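To keep things clear, I will list the structure first and then write my remarks on it.
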Amino acid sequence: MKDNLLIGAGYLWRGFTLLNEPGIRRYVWLPILINLLVLSFGSYWLIDAVSQWDGFDSSWISWLAWLVVPLLLLLSTLISGYFFSAVLLLLASPFYGLLAGKIEQRLGHEVEDESIAALIPRTVIRELVKMGYYLPRYLLLLLLSFVPGVNLLMPFVWFWFGSWVMALQYSDYTLDNQQQNFRASREQVATQRWTAWGFGGAVSVLMAVPLLNCLVPPAAVIGATLWQLQRQADQSRAG
């Protein structure tokens with residue numbers, strides 16, 4: 001299987017095409033409602049924060065405002081976007097586990113049916129494990145964002161790392177269903193880094209589009225599940 005950015009983005013598109021499929025859509029609409037509520041609150045908070053910001057009018061570096069202001073706005077959007085995505089994923093993780101399982105069953109894989117009551121503790125604990133991996137790295141990026149000079153590059157670094165996180169995050173639902181630990185998930189996703197960045201980059205970009213961003217997470221779960229199952233099938237044939 002080839003490893004490139006376009007293939008990764010293509011899996012997200014395939015996820016969108018399956019959102020309304022019979023047998024799948026009932027596992028999609030409740031997460032979409034959760035997405036809508038969380039992202040609406042996040043957008044309101046960001047708009048309110050930006051509207052109260054005074055900018056560089058009284059600063060000694062006001063002459064750099066034309067460059068720094070757009071970068072700071074982009075950086076604040078990325079940071080808040082990833083924060084609210086983490087809250088969203090924590091709340092919706094049991095439903096995403098179910099959704100990944102239904103895609104696996106659709107492709108002929110045996111998946112043990114679990115109730116929401118059984119999924120909640122398992123998936124929430126898994127999300128906390130993932131946060132233990134993401135959070136220290138996000139904090140490091142946040143600190144670097146306040147270093148003069150370096151902060152001009154940070155929106156791009158945030159996007160690069162965020163793309164990796166999105167690929168890992170959405171791939172992990174099917175890998176978790178297969179009872180693989182999070183370290184094994186990271187190692188498997190890392191075997192196709194360009195595909196991961198293409199997939200995660202597409203997710204990150206579309207998450208910035210109002211209304212469409214409510215559809216992105218379930219589409220990403222479906223797309224990442226298709227990707228991981230195909231990757232495993234290719235590895236089995238090659239072996």
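Model, not experiment: these values are computed from the prediction. For this chain, numbers begin at 1 and follow the sequence in order.
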Is Asp234 salt-bridged to Arg231, going by a charged N under 4.0 Å from an acidic O? no
Other residues, nucleotides, ligands: >12 heavy atoms within 6.0 Å of Arg26 CZ: no
I need the Arg186 CZ to Leu168 CG distance, nearest 0.5 Å. 7.5 Å
Could you please spell out the steps behind the side-chain contact (heavy atoms from CB on, under 4.5 Å) verdict for Val189 and Trp227? CA-CA 10 Å; Val189 175; Trp227 167 30; 3.9 Å; yes
For the atom pair CZ (Phe161) and OH (Tyr134), what is the distance rounded to the nearest 0.5 Å? 8.0 Å
Look at the side chain of Thr195 and the backbone N and O of Asn4, then say whether any donor-acceptor pair between them is shorter than 3.5 Å. yes
Over 60° means perpendicular and under 30° means parallel, so tell me whether Trp197 and Trp160 are parallel, tilted or perpendicular. tilted
Apply side-chain contact (heavy atoms from CB on, under 4.5 Å) to the pair Thr123 and Tyr173, showing each step before the final yes or no. CA-CA 9 Å; Thr123 55; Tyr173 293 109; 5.8 Å; no
Look at the side-chain heavy atoms of Ile, Leu, Val, Met, Phe, Trp and Tyr, link any pair under 4.5 Å apart, and say whether Phe146 and Val150 land in one connected group. yes
Interatomic spacing from CG in Asp176 to CZ in Phe182 - rounded to 0.5 Å: 10.5 Å
Between Trp158 and Ser145, is the side-chain contact (heavy atoms from CB on, under 4.5 Å) condition met? List the steps. CA-CA 9 Å; Trp158 274 92; Ser145 299; 3.1 Å; yes
For Leu135, the hydrophobic cluster (side chain heavy atoms closer than 4.5 Å, chained through members) also holds Leu139
Return yes if some donor-acceptor pair links the side-chain N/O of Thr17 with the main-chain N/O of Arg14 below 3.5 Å, else return no. yes
I'd like to know if Leu6 and Phe159 are part of one continuous hydrophobic network [Ile/Leu/Val/Met/Phe/Trp/Tyr, side-chain heavy atoms within less than 4.5 Å]. no
Mark yes or no for whether Asp172, through its side chain, and Tyr170, through its backbone, hold a donor-acceptor pair below 3.5 Å. no
Return the CD1 to CD1 distance between Ile120 and Ile125, rounded to the nearest 0.5 Å. 11.5 Å
Side chains of Leu19 and Leu215: closer than 4.5 Å at any heavy-atom pair? yes
Please identify which of these residues, Gln178, Lys130, Arg126, meets the side chain to side chain donor-acceptor pair (under 3.5 Å) condition with Ser185. Arg126
Determine whether Trp29 and Asn20 make a side-chain contact, defined as any pair of heavy atoms from C-beta on separated by less than 4.5 Å. yes
Any side-chain donor-acceptor pair under 3.5 Å between Gln230 and Tyr11? no
Please round to the nearest 0.5 Å and tell me the distance separating atom CD of Gln169 and atom CD of Glu127. 4.5 Å
Does Ile222 reach the side chain of Tyr27, with side-chain heavy atoms less than 4.5 Å apart? no
Under 3.5 Å, side-chain donor or acceptor atoms of residues 96-106 against the rest of the protein: list the pairs with distances, not counting sequence neighbours.
unit_1: Tyr96; atom_1: OH; unit_2: Asn35; atom_2: OD1; d: 3.2
unit_1: Lys102; atom_1: NZ; unit_2: Gln105; atom_2: OE1; d: 3.3
unit_1: Glu104; atom_1: OE2; unit_2: Thr174; atom_2: OG1; d: 2.7
unit_1: Glu104; atom_1: OE2; unit_2: Asn177; atom_2: ND2; d: 3.2
unit_1: Gln105; atom_1: NE2; unit_2: Val111; atom_2: O; d: 3.1
unit_1: Gln105; atom_1: NE2; unit_2: Asp113; atom_2: OD1; d: 3.1
unit_1: Arg106; atom_1: NH2; unit_2: Glu21; atom_2: OE1; d: 2.9

Least distance between heavy atoms, Ser163 atom then Gly201 atom: OG-CA, 3.2 Å
Could you walk me through whether Thr225 and Leu107 pass side-chain contact (heavy atoms from CB on, under 4.5 Å), step by step? CA-CA 10 Å; Thr225 301; Leu107 296 178; 6.0 Å; no
Can you tell if the side chain of Lys2 reaches within under 4.5 Å of the side chain of Trp194, non-hydrogen atoms only? no
Please report the interatomic distance CD(Gln180) to CG(Leu175), rounded to the nearest 0.5 Å. 5.0 Å
